[in-house]
Amino acid sequence: MQSFDGGFIGEVLIVNASGVRRGWTVRFEFSAGGRLVTTWVEGVPQGTVRQFDGGFTYVSGVDVPPGGSAALRFHLERASVTPRGCTVDGVRCSGF
């Protein structure tokens with residue numbers, strides 16, 4: 001979304017193509033030496049973030065309705081804008 005000296009703000013857009021409300025989990029892996037500053041979804045209860053060396057897992061704090069979407073945003077420092085890996089509910093992210 002936006003890069004600046006030594007970091008960037010990125011986004012993973014979650015789209016619910018199913019017919020039921022559902023929660024979601026994002027696993028994001030970034031370049032070695034990178035640092036997660038924060039994660040957020042605007043205007044809704046926040047989920048749970050768990051950091052690990054080189055990445056994070058975010059479990060939703062709100063279900064997405066059928067046909068709806070949610071944008072998980074994150075701020076990384078000292079990391080490449082191209083992720084090493086990204087999945088939503090175990091399915092590889094697209095669009096990088």
Side-chain angles (χ1 to χ4, degrees):
M1 288 184 59
Q2 178 182 10
S3 61
F4 47 88
D5 186 34
F8 71 97
I9 295 174
E11 176 180 277
V12 175
L13 181 64
I14 294 88
V15 178
N16 184 356
S18 76
V20 297
R21 293 183 72 83
R22 56 181 292 188
W24 44 272
T25 299
V26 170
R27 181 177 171 89
F28 194 89
E29 297 175 39
F30 47 82
S31 57
R35 183 178 82 85
L36 177 66
V37 177
T38 189
T39 61
W40 72 96
V41 178
E42 297 204 20
V44 299
Q46 298 305 298
T48 304
V49 63
R50 289 187 177 86
Q51 295 185 56
F52 56 88
D53 189 30
F56 66 89
T57 300
Y58 186 96
V59 179
S60 65
V62 64
D63 291 348
V64 176
S69 64
L72 171 63
R73 295 188 177 143
F74 52 90
H75 176 187
L76 293 176
E77 290 182 337
R78 300 181 308 268
S80 167
V81 295
T82 304
R84 286 186 12 218
C86 175
T87 62
V88 176
D89 293 336
V91 177
R92 187 172 182 194
C93 298
S94 63
F96 291 109

Results of side chain to side chain donor-acceptor pair (under 3.5 Å) for Arg78 - residues two or more places apart only: none
Identify the heavy atoms of [X] and [Y] that sit nearest to each other, and give their distance.
X     : Y     : result
Ala70 : Trp24 : CB-CZ2, 4.1 Å
Val64 : Ser69 : CG1-N, 3.5 Å
Phe30 : Gly55 : CE2-CA, 3.4 Å
Ser60 : Gly23 : OG-CA, 3.4 Å
Ala79 : Gly34 : CB-CA, 3.9 Å
Arg50 : Val59 : NH1-CG2, 4.4 Å

Can you check whether [X] reaches [Y] side chain to side chain, under 4.5 Å on heavy atoms?
X     : Y     : value
Trp40 : Tyr58 : no
Leu72 : Phe28 : no
Pro65 : Asn16 : no

N/O donor-acceptor pair under 3.5 Å between Glu29 side chain and Pro83 backbone: no
Exam field: side chain Ser80 to backbone Ser31, donor-acceptor pair closer than 3.5 Å: no
Could you state the interatomic distance from [atom1] ([X]) to [atom2] ([Y]), rounded to the nearest 0.5 Å?
X     : Y     : atom1 : atom2 : answer
Phe8  : Glu77 : CZ    : CD    : 11.0 Å
Arg27 : Arg92 : CZ    : CZ    : 14.0 Å
Thr39 : Ile9  : OG1   : CD1   : 12.5 Å

Joint hydrophobic cluster, Ile14 plus Val44, side-chain heavy atoms closer than 4.5 Å: yes
Listed once per pair and sorted, the salt bridge (charged side-chain N to carboxylate O under 4.0 Å, His left out) pairs that draw on residues 14-24, sequence neighbours left out: Arg22-Asp89
